[in-house]
Amino acid sequence: MESGKIMGIAYNVVPVSDVKKSGEWFVKHFGFNIRNDRGTDLSLFKENRPILVLIDHYIIDYL
């Protein structure tokens, strides 16, 4: 097996209690960019790579 560098993991969904506040935390501490802020969820990217989707934890309860 060839070893290599992990470039990123795309679209892991993380339920959070405050989408906006959590998004700002990831921007501050990891340098992510917020994209597609829809109020109840938002996407976080590093450069042009999708990294995380933060979703309001109440939405998960309804799925």
Side-chain angles (χ1 to χ4, degrees):
M1 182 169 161
E2 185 178 325
S3 61
K5 181 178 175 184
I6 295 175
M7 300 301 291
I9 299 171
Y11 291 111
N12 285 293
V13 176
V14 178
V16 296
S17 60
D18 187 324
V19 172
K20 182 175 178 64
K21 188 174 180 180
S22 298
E24 291 169 353
W25 187 90
F26 278 97
V27 168
K28 179 180 178 182
H29 293 282
F30 294 102
F32 294 163
N33 299 306
I34 294 176
R35 295 192 190 172
N36 307 321
D37 185 349
R38 292 174 284 277
T40 57
D41 65 276
L42 61 81
S43 302
L44 293 167
F45 280 63
K46 183 69 174 182
E47 298 168 359
N48 287 324
R49 294 187 182 106
I51 304 295
L52 294 173
V53 174
L54 303 179
I55 187 169
D56 189 307
H57 73 286
Y58 290 114
I59 302 297
I60 297 294
D61 293 340
Y62 296 110
L63 295 178

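Counting from 1, the numbers follow the sequence of the chain as shown.
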| Inter-residue atom distance Asp37.CG - Lys20.NZ, 0.5 Å rounding | 7.0 Å
| request: Could you tell me which non-hydrogen atom of Val19 sits nearest to which non-hydrogen atom of Thr40, and how far apart they are? | output: CG2-O, 3.6 Å
| message | Are Ile34 and Leu44 packed together at the side-chain level, in the sense that at least one heavy-atom pair is separated by less than 4.5 angstrom? | response | yes
| Sub-4.5 Å side-chain heavy-atom contact between Asn48 and Arg35 | yes
| query | Between Phe26 and Leu54, does a side chain to side chain contact (heavy atoms under 4.5 Å, CB included) hold up when you go through it step by step? | reply | CA-CA 10 Å; Phe26 278 97; Leu54 303 179; 4.0 Å; yes
| query | Mind checking whether Phe30 and Phe32 have parallel, tilted or perpendicular rings, split at 30° and 60°? | reply | parallel
| remark: Residues Lys46 and Gly31: closest non-hydrogen pair is NZ-O, 3.7 Å
| remark: Looking only at heavy atoms, the pair that brings Ser17 and His57 closest together is CA-ND1, 3.2 Å
| Reported CG-to-CG distance for the pair Asp56 and Leu42, which is rounded to 0.5 angstrom | 10.5 Å
| Below 4.0 angstrom, N of the basic side chain to O of the carboxylate: do Lys28 and Glu24 qualify? | no
| field | Atom pair CH2 (Trp25) and CG (Asp18), whose distance is rounded to the nearest 0.5 Å | value | 14.0 Å
